[in-house]
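Counting from 1, the numbers follow the sequence of the chain as shown. Since the model is a prediction, treat every value here as computed from it, not as a measurement.
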Amino acid sequence: MKQILHNYKKSKILTVFVCLFLFLILAIPIIFFIFFNSSIIYDFFKYNYLYFFVVIFFYVFFINAGIYKYKLKFEDSSFLIKSKRTVSSYFGSKLFNIELSNDMLIGFRFLKRKHLITDVLLIQMVSSSGKRSAKRIPLTLLSHLTKDKISNLLDNIIQKNKCQKK
């Protein structure tokens, strides 16, 4: 039953696209501002300097909110979930990493962040001593098909756990 789900390629393409897009909408006006002093575009950006602050805000927003690349690996007796940011991971951002044996899983659910492309997978677990805890793992570009696959796999694990405890 070994299954691996990931979004490495999609997250890298989206990261490059967002960074390139934000760079271009910041660099082109600066070029006009420096080299074409008598153009209409120069006059527009001279009197609408807040444009630059808005673009910089979006840069910081995407770096802070993050585009996450994830890997979910399901095996017969355990599963592994890794998630980290694509851009800000180079600056020491948090790595979400969880490896559990199947019998530790007691629940899960998906949480949708408003106005973002990132969903959060909430994993509820119990330790061998009986202590319950939960871990939130952000996942970007999670399609409905992938969400259904993850839900089915985790539901199967929970059902097997209930059958074994009886």
(request) Could you walk me through whether Lys135 and Leu122 pass side-chain contact (heavy atoms from CB on, under 4.5 Å), step by step? (result) CA-CA 6 Å; Lys135 179 108 177 185; Leu122 179 71; over 6 Å; no

(request) For Leu121 and Arg136, run side-chain contact (heavy atoms from CB on, under 4.5 Å): C-alpha distance rounded to whole Å, both residues' side-chain angles, the deciding distance at 0.1 Å, then the answer. (result) CA-CA 6 Å; Leu121 175 61; Arg136 294 173 184 255; over 6 Å; no

Check the hydrophobic clustering (I, L, V, M, F, W, Y; side-chain heavy atoms under 4.5 Å; chains of links allowed) and say if [X] and [Y] are grouped together.
{"X": "Val18", "Y": "Val16", "result": "no"}
{"X": "Leu26", "Y": "Phe21", "result": "yes"}
{"X": "Val54", "Y": "Leu22", "result": "yes"}
{"X": "Tyr70", "Y": "Met125", "result": "yes"}
{"X": "Leu14", "Y": "Val120", "result": "no"}

Do [X] and [Y] make a side-chain contact, defined as non-hydrogen atoms from C-beta onward lying under 4.5 Å apart?
{"X": "Ile67", "Y": "Arg85", "answer": "no"}
{"X": "Lys131", "Y": "Val126", "answer": "no"}
{"X": "Lys84", "Y": "Phe96", "answer": "no"}
{"X": "Leu80", "Y": "Asn97", "answer": "yes"}
{"X": "Lys147", "Y": "Asp119", "answer": "yes"}
{"X": "Ile98", "Y": "Ile137", "answer": "yes"}

(request) For Ser77, check side chain to side chain donor-acceptor pair (under 3.5 Å) against everything at least two apart and list the hits. (result)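 Testing Ser77 for side chain to side chain donor-acceptor pair (under 3.5 Å), a comparison that skips the adjacent residues, returns none.
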
If you round to the nearest 0.5 Å, how far is [atom2] of [Y] from [atom1] of [X]?
{"X": "Met104", "Y": "Ile157", "atom1": "CE", "atom2": "CD1", "value": "12.5 Å"}
{"X": "Ser133", "Y": "Gln124", "atom1": "OG", "atom2": "CD", "value": "9.5 Å"}
{"X": "Leu153", "Y": "Leu105", "atom1": "CG", "atom2": "CG", "value": "11.0 Å"}
{"X": "Leu139", "Y": "Ile150", "atom1": "CG", "atom2": "CD1", "value": "6.0 Å"}
{"X": "Leu72", "Y": "Ile81", "atom1": "CG", "atom2": "CD1", "value": "5.0 Å"}
{"X": "Glu99", "Y": "Glu75", "atom1": "CD", "atom2": "CD", "value": "7.5 Å"}

(request) Give the minimum heavy-atom separation between Asp76 and Asn102, together with the two atoms involved. (result)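 The pair with the smallest heavy-atom distance is O-ND2, 2.8 Å.
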
(message) I need the minimum non-hydrogen distance between Gly107 and Ile158, along with the two atoms involved.
(response)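 Heavy atoms only, the tightest pair is CA-CD1, 3.7 Å.
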
(message) So does Tyr68 get a backbone contact from the side chain of Thr140, meaning a donor-acceptor N/O pair under 3.5 Å?
(response)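 Confirmed, Thr140 side chain pairs with Tyr68 backbone.
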
Is the count of non-hydrogen atoms from other residues, nucleotides or ligands lying under 6.0 Å from [X] atom [atom1] greater than 12?
{"X": "Phe23", "atom1": "CZ", "value": "no"}
{"X": "Phe52", "atom1": "CZ", "value": "yes"}
{"X": "Leu50", "atom1": "CG", "value": "yes"}

(request) For side-chain contact (heavy atoms from CB on, under 4.5 Å), just list the numbers for Tyr51 and Ile25, CA-CA rounded to whole Å, side-chain angles, deciding distance to a tenth of an Å, and then say yes or no. (result) CA-CA 10 Å; Tyr51 170 84; Ile25 64 174; 3.4 Å; yes

(message) For a side-chain contact (heavy atoms from CB on, under 4.5 Å) check, start with the C-alpha distance between Leu142 and Thr118, then their side-chain angles and the critical distance, and finish with the verdict.
(response) CA-CA 8 Å; Leu142 195 64; Thr118 302; over 6 Å; no

(message) Can you tell me how the ring of Phe110 sits relative to the ring of Phe108, calling it parallel under 30°, perpendicular over 60° and tilted otherwise?
(response)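 Perpendicular.
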
(request) Quick one: which residue pairs count as a side chain to side chain donor-acceptor pair (under 3.5 Å) with a foot in residues 6-28, not counting sequence neighbours? (result)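 Pairs touching residues 6-28 that pass the test: Thr15-Thr86.
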
